[in-house]
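Have a look at the structure that comes next, please.
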2 protein chains.
Amino acid sequence: MTDPMYRQIAEDLRARIESGALAPGGQLPTELELRERYEASRNTVRDAMKWLMNLGLVETRPGQGTFVVEKVDPFTTALFTDVTPLSSDQETGLGGEGIAYAVEVSAQGRRATDSVPRIEIQQANGVIADELRLSEGSMVVSRHQQRFIDGTPYSLQTTFYPMRLVEEGAVRLIQAENLQAGAIRYLEETLGVKQVGWRDRITVRAPDATEAAFFRLPGDGRIAVFETLRTGYDRSGQPLRLTISVYPADRNQFVINVGPAPDDPSSERGG
Amino acid sequence: MTDPMYRQIAEDLRARIESGALAPGGQLPTELELRERYEASRNTVRDAMKWLMNLGLVETRPGQGTFVVEKVDPFTTALFTDVTPLSSDQETGLGGEGIAYAVEVSAQGRRATDSVPRIEIQQANGVIADELRLSEGSMVVSRHQQRFIDGTPYSLQTTFYPMRLVEEGAVRLIQAENLQAGAIRYLEETLGVKQVGWRDRITVRAPDATEAAFFRLPGDGRIAVFETLRTGYDRSGQPLRLTISVYPADRNQFVINVGPAPDDPSSERGG
DNA sequence: CCGTATTTGTTCGTATGTATT
DNA sequence: CAATACATACGAACAAATACG
């Protein structure tokens with residue numbers, strides 16, 4: 001019938017937060033103070049805090065207190081941009097080859113850096129075998145990188161190539177240099193195979209321990225991560241590569257521009 | 001140094017789940033059994049359960065027990081599809097006007113139904129004013145719909161139009177009929193304004209109480225929702241409309257097809 | 001640098017309520 | 001109605017992180 005006490009406490013605090021009475025970044029009363037204010041036990045107050053924490057409204061800092069979460073303005077990653085000029089109807093292209101390479105940050109003045117790739121040769125498991133249309137257990141090359149923007153962790157990215165491509169001569173795939181935006185071009189120059197299309201898949205899930213550590217996320221799964229799969233295909237419709245990227249969901253968004261959409265993708269931010 | 005006991009218990013159970021020893025849908029031992037097995041108090045065992053719950057690995061059902069979460073195969077929503085034929089290089093078009101209308105479900109044999117729109121005339125707040133490039137407090141028409149697939153809640157969707165469009169003659173925007181895929185065409189026929197491009201934004205956040213109730217989500221924020229903003233622009237680069245859609249993140253994914261990507265977007269599913 | 005006070009984190013015990021079988 | 005299983009609530013004690021003099 002009536003809500004349990006810890007939810008009533010949470011609801012009361014939630015209302016104060018949404019109304020702005022408790023400002024972002026501001027500190028909440030301590031658990032002992034709240035225990036007196038609501039005439040509840042400390043554990044009940046803590047249950048209310050956990051509720052608000054799971055809603056992403058507050059965060060606790062041991063030894064300091066409980067604070068209202070400040071939303072950061074997110075990194076914007078363009079998954080697709082069609083660069084048709086606004087005033088001319090001629091040549092509705094797909095933005096040239098350049099965009100085929102990777103997910104790109106619409107970084108204004110921000111500096112993106114990537115770690116040296118960690119190369120592995122491994123068996124294709126479920127999703128990887130599925131997307132690359134290989135039989136389970138087929139060998140693939142994986143190139144794993146940590147990506148940073150202005151030094152802060154931005155994404156974890158792993159690209160898988162069928163081992164076939166290496167056997168056919170693309171040996172630099174198994175060397176730990178930064179192919180980066182050049183991987184697709186390298187394959188074209190070396191083997192003559194060209195990526196003519198791709199498919200992105202966007203899902204959300206809880207981070208694993210590795211991801212939580214890299215992105216400095218809480219460890220419990222209360223902050224999710226985006227997982228994007230990008231499968232690239234050659235002219236014959238055969239999968240060339242699969243790139244799996246992971247981004248923390250609390251500070252990232254994706255945009256897709258289709259047709260002559262104005263520029264300036266959320267650069268301004270009002271108070 | 002060493003992890004707290006509730007996390008060790010959680011880690012042990014997590015390993016059993018990932019290894020498959022505890023199958024999806026299967027029941028975990030009861031809290032009393034776990035209390036004996038790990039020689040901990042029931043509260044500590046429950047802390048371990050909450051940890052696993054936030055990671056999305058288990059769910060509890062009062063009176064029944066604790067169960068390993070079964071992942072459903074997600075609804076797939078295509079945000080963008082470029083239908084260039086595979087074998088010809090001529091005319092790399094954007095797939096025609098048809099795709100401009102809306103986010104479309106790649107529903108194979110599934111039946112999509114929408115509720116009658118709830119129309120409101122309201123002031124544009126922060127995001128809405130921002131995207132439609134209106135000054136704060138300008139009037140907008142909002143058309144809100146509940147969308148279902150095979151009768152199960154699929155998304156909550158609200159489209160905002162500048163009031164200016166109604167004043168200029170598009171009066172059916174404020175009538176509670178299903179314009180649906182015809183809204184863009186209606187604007188073109190009535191006012192001669194044509195949506196020639198759009199921008200999508202994809203973010204993730206905790207659901208609010210309304211959304212949690214509609215999608216039957218837990219109420220604490222442990223299952224997030226996708227929020228997509230689609231802003232449509234006319235030939236002059238002026239925003240025509242803003243559609244905000246919300247989808248539960250545990251049973252939805254988005255796909256983007258660029259260039260001649262093969263069909264069959266994840267219809268098969270291996271055990 | 002050290003010690004103390006403050007604040008959240010962990011763990012236990014216990015009792016009672018609510019949902020399901 | 002009874003048994004089972006999770007949910008709520010209280011009280012207590014100690015640990016760990018942080019801030020401050």
Side-chain angles (χ1 to χ4, degrees), chain A residues 1-14 22 25-69 212-213 216-223, chain B residues 1-14 17 22 25-69 212 216-223:
Chain A
M1 203 70 87
T2 148
D3 266 9
M5 186 181 305
Y6 77 93
R7 281 228 280 279
Q8 294 181 34
I9 297 173
E11 172 53 28
D12 186 67
L13 291 169
R14 191 197 60 75
L22 289 167
Q27 183 168 7
L28 272 70
T30 68
E31 291 171 354
L32 292 197
E33 287 169 330
L34 292 172
R35 174 181 129 279
E36 293 182 0
R37 175 173 314 178
Y38 293 106
E39 290 177 320
S41 79
R42 187 178 158 226
N43 281 331
T44 300
V45 167
R46 280 180 62 74
D47 281 346
M49 292 303 155
K50 285 174 196 162
W51 186 269
L52 294 174
M53 223 162 59
N54 282 341
L55 291 178
L57 293 175
V58 307
E59 64 188 348
T60 58
R61 301 179 205 147
Q64 299 186 53
T66 305
F67 301 83
V68 181
V69 167
R216 277 174 266 251
L217 297 178
D220 58 12
R222 76 173 180 270
I223 297 183
Chain B
M1 203 75 84
T2 144
D3 267 8
M5 187 180 304
Y6 76 93
R7 282 228 280 277
Q8 294 181 34
I9 297 173
E11 171 53 28
D12 187 67
L13 291 169
R14 191 196 59 75
I17 291 173
L22 289 168
Q27 183 168 7
L28 273 69
T30 69
E31 291 171 353
L32 292 200
E33 287 169 330
L34 292 172
R35 173 181 131 280
E36 294 182 359
R37 175 172 315 180
Y38 292 106
E39 289 177 321
S41 80
R42 189 180 156 225
N43 281 331
T44 301
V45 167
R46 279 180 63 74
D47 281 346
M49 291 304 153
K50 285 175 196 162
W51 186 269
L52 294 175
M53 223 161 61
N54 282 340
L55 291 178
L57 293 175
V58 307
E59 63 187 351
T60 58
R61 301 178 205 148
Q64 298 186 52
T66 305
F67 301 83
V68 181
V69 167
R216 276 173 265 250
L217 297 178
D220 58 8
R222 76 174 182 269
I223 296 184

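These numbers were taken from a predicted model, which means no experiment stands behind them.
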For this session: Would you indicate whether the side-chain heavy atoms of B:Tyr38 and B:Thr44 approach each other to under 4.5 Å?
Result: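 The answer is no, as the side chains (C-beta and beyond) never meet within the 4.5 Å cut-off.
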
Exercise. For C:dT10, does OP1 or OP2 lie under 4.0 Å from any side-chain N or O of A:Arg46?
Worked result: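 So the side chain of A:Arg46 is outside the cut-off, no N or O lying under 4.0 Å from OP1 or OP2 of C:dT10.
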
Seminar exercise, completed: Of D:dA7, D:dA19, C:dT21, the nucleotide closest to the side chain of B:Gln64 is C:dT21

Problem set entry | Presence of A:Ser41 side-chain N/O under 4.0 Å of D:dC10 phosphate oxygens OP1/OP2 | yes

For this session: Tell me what A:Met49 touches on the nucleic acid: a base, only sugar-phosphate, or nothing, going by heavy atoms under 4.0 Å.
Result: nothing

Exercise. Counting just side-chain N and O atoms, does B:Thr66 come under 4.0 Å of either OP1 or OP2 of D:dC6?
Worked result: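 Indeed, a polar side-chain atom of B:Thr66 lies that close.
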
Problem set entry | OP1 or OP2 of C:dT8 under 4.0 Å from side-chain N/O of A:Thr60 | no

Problem set entry | Side chain proximity check, B:Val45 to B:Met49, heavy atoms < 4.5 angstrom | yes

Exercise. With nearest nucleotides of DNA chain D determined for A:Tyr6 and A:Asn43 from heavy-atom distances, which residue corresponds to the more 5′ nucleotide?
Worked result: A:Tyr6

Exercise. Are any non-hydrogen side-chain atoms of A:Leu52 and A:Leu13 less than 4.5 angstrom apart?
Worked result: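 Answer yes - side chains close enough.
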
For this session: Nearest whole angstrom, please: distance from the P of D:dG11 to the CG of A:Leu32.
Result: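 Going from CG in A:Leu32 over to P in D:dG11 covers 13 Å.
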
Exercise. Within the side chain of B:Glu31, is there an N or O that forms a donor-acceptor pair under 3.5 Å with the backbone of B:Thr66?
Worked result: no

Exercise. Just how far, in rounded Å, is P of D:dA7 from NZ of B:Lys50?
Worked result: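 Interatomic distance, NZ of B:Lys50 to P of D:dA7: 9 Å.
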
For this session: Write down the distance between CZ (B:Phe67) and P (D:dC6), rounded to a whole number of angstrom.
Result: 8 Å

Problem set entry | A:Arg35 (side chain) and D:dG11 (base): donor-acceptor pair under 3.5 Å | no

For this session: May I have the distance from A:Ile9 (atom CD1) to D:dA9 (atom P), rounded to whole angstrom?
Result: 8 Å

Problem set entry | d(CG, A:Asp220; P, C:dT10) in whole Å |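 The distance from CG of A:Asp220 to P of C:dT10 comes to 10 Å, rounded to the nearest Å.
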
Exercise. Any idea which of D:dA5, C:dA15, D:dA9 is nearest the B:Thr30 side chain?
Worked result: D:dA5

Exercise. Can you tell me how far P of C:dG9 sits from CZ of A:Arg61, to the nearest Å?
Worked result: 12 Å

Exercise. Donor-acceptor pair, A:Gln8 side chain versus A:Thr2 backbone, under 3.5 Å?
Worked result: no

Exercise. Of all the nucleotides listed (C:dC12, D:dA9, C:dA15), which has the minimum atom distance to the side chain of A:Thr44?
Worked result: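 The nucleotide sitting nearest to the side chain is D:dA9.
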
Problem set entry | Separation of atom CE in A:Met5 from atom C1' in C:dT18, rounded to whole Å | 16 Å

Exercise. Is there a donor N/O on one and an acceptor N/O on the other, under 3.5 Å, for the side chain of B:Arg42 and the base of D:dA7?
Worked result: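 Looking at the base of D:dA7, it does pair with a donor or acceptor on the side chain of B:Arg42 (distance under 3.5 Å).
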
Exercise. What is the distance from CD of A:Glu31 to C1' of D:dA16, rounded to the nearest Å?
Worked result: 14 Å

